[in-house]
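Remember, it's a predicted structure, so these values are computed and weren't measured experimentally.
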Amino acid sequence: MSKFWNKLSDITHLHKRAAFSDLPERIAAKESVFMGIAKGRFSCRKFKDTPLTDVQIKHILEAARLAPSAKNNQPVHVWVVKSDESLSKLKSATNYLYGAPAVFMVGCNPEEAWVRQCDGKNGGDVDAAIVGTHIMLEATALGLGSVWVGSFDPSKIREVFPETTGYEIVALFPVGTPDAEESPNHGKRKPLEEFASEL
């Protein structure tokens with residue numbers, strides 16, 4: 001009798017394959033490329049002094065340029081800080097560059113951003129945050145490390161980089177070849193059932 005049920009199970013399995021009815025299950029079982037990148041990214045706080053190549057910088061900037069923004073207004077600008085002189089200027093505004101050979105400075109122009117009508121919420125900082133996330137994920141995809149830095153003096157940045165006038169600097173992203181492992185705290189995440197809900 002067991003042979004009969006085994007045979008029936010095989011036939012059912014073949015039927016499902018032929019009808020592609022198990023396709024969602026098979027796709028869900030395979031981890032996406034994006035999920036691998038998302039899991040691989042961590043906040044890197046020590047970098048080797050290896051310079052970024054022009055190709056690496058171009059790829060990161062292109063990933064940032066493709067980031068979505070509200071109404072596609074694209075009110076964001078990215079400055080690549082990589083010369084010794086410019087990095088020295090930036091160090092006067094923050095202590096958190098971690099020896100990175102390049103820093104992607106992301107700002108938004110509130111005048112160009114979408115504004116929510118019901119309460120006047122300006123979406124420029126959200127647009128800039130999405131751009132910053134693209135920067136970090138593309139850096140990870142290229143085998144580089146990155147970290148989101150929010151601790152800086154905006155007024156000092158405006159002073160040493162007058163090119164940023166009219167922009168609100170939202171975050172700094174030191175990027176380079178990692179010289180550190182992820183912190184023990186990195187893997188701590190809320191359980192999915194606590195993090196998300198169905199309504």
Side-chain angles (χ1 to χ4, degrees), residues 9 12-13 15-46 59-78 94 96 98 100 103-152 154 167-175 178 180-199:
S9 174
T12 304
H13 182 69
H15 174 73
K16 285 176 69 177
R17 279 292 172 96
F20 293 101
S21 61
D22 65 340
L23 191 58
E25 295 170 14
R26 283 190 283 153
I27 292 173
K30 184 178 180 183
E31 184 172 271
S32 68
V33 173
F34 172 80
M35 192 63 75
I37 293 170
K39 286 181 177 179
R41 191 219 66 83
F42 68 95
S43 295
C44 182
R45 294 183 173 87
K46 187 179 180 185
H59 280 304
I60 292 170
L61 289 175
E62 182 63 7
R65 189 181 71 87
L66 294 174
S69 61
K71 283 190 72 176
N72 199 29
N73 282 5
Q74 304 174 55
V76 180
H77 194 86
V78 181
T94 181
Y96 303 102
Y98 304 108
V103 179
F104 293 78
M105 188 162 57
V106 179
C108 68
N109 183 339
E111 298 298 320
E112 296 178 356
W114 170 81
V115 177
R116 188 165 58 203
Q117 290 185 354
C118 63
D119 63 356
K121 168 71 174 79
N122 189 291
D125 58 344
V126 175
D127 292 337
I130 298 169
V131 166
T133 302
H134 275 222
I135 287 171
M136 292 190 298
L137 293 175
E138 178 63 11
T140 302
L142 294 172
L144 300 169
S146 66
V147 61
W148 181 303
V149 173
S151 181
F152 54 85
Y167 286 85
E168 174 192 341
I169 302 303
V170 174
L172 310 176
F173 297 92
V175 174
E181 300 292 329
E182 62 187 53
S183 76
N185 196 44
H186 172 74
K188 294 180 181 178
R189 291 290 186 273
K190 292 181 179 180
L192 189 57
E193 58 271 17
E194 183 182 336
F195 176 78
S197 305
E198 289 187 16
L199 300 176

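A pairwise comparison of heavy atoms in E181 and F42 identifies C-CE1, 3.7 Å as the closest pair. Counting all heavy atoms, side chain and backbone alike, A139 lies closest to V175 at CB-CG1, 4.0 Å. Taking both residues in full, the closest heavy atoms of I135 and F173 are given as CG2-CB, 4.2 Å, listed atom of the first, atom of the second, then distance. The two residues E138 and I60 come nearest to each other via the heavy atoms CG-CA, 3.9 Å.
Taking CG from L137 and CG from L142, the interatomic distance works out to 11.0 Å, rounded to the nearest 0.5 Å. Taking CZ of R41 as the start and CD of E182 as the end, the distance is 9.5 Å to the nearest 0.5 Å. Taken to the nearest 0.5 Å, the CD atom of E168 stands 8.0 Å off from the CG atom of N122. Rounding to the nearest 0.5 Å places CD1 of I130 at 11.5 Å from SG of C108. Atom NZ of residue K39 and atom NE2 of residue H186 lie 10.5 Å apart, to the nearest 0.5 angstrom.
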Tell me which donor-acceptor pairs under 3.5 Å the side chains of residues 67-77 have, and how far apart each pair is, sequence neighbours excluded?
residue : atom : partner : partner atom : Å
S69     : OG   : N73     : N            : 3.4
S69     : OG   : Q74     : N            : 3.0
N72     : OD1  : Q74     : NE2          : 3.1
N73     : ND2  : E112    : O            : 3.2

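A heavy-atom distance below 4.5 Å is not found between the side chains of P191 and R189. W148 is listed as a side-chain neighbour of M136, based on a closest heavy-atom distance under 4.5 Å. Looking only at side-chain heavy atoms (C-beta outward), V33 and I37 come within less than 4.5 Å of each other. Y98 is listed as a side-chain neighbour of V149, based on a closest heavy-atom distance under 4.5 Å.
Heavy atoms from other residues, nucleotides or ligands lying under 6.0 Å from CD of E62 number more than 12. By the 6.0 Å contact criterion, CZ on F152 is enclosed, its count of non-hydrogen atoms from other residues, nucleotides or ligands being greater than 12. Around NZ of K46, the count of heavy atoms belonging to other residues, nucleotides or ligands within 6.0 Å does not exceed 12.
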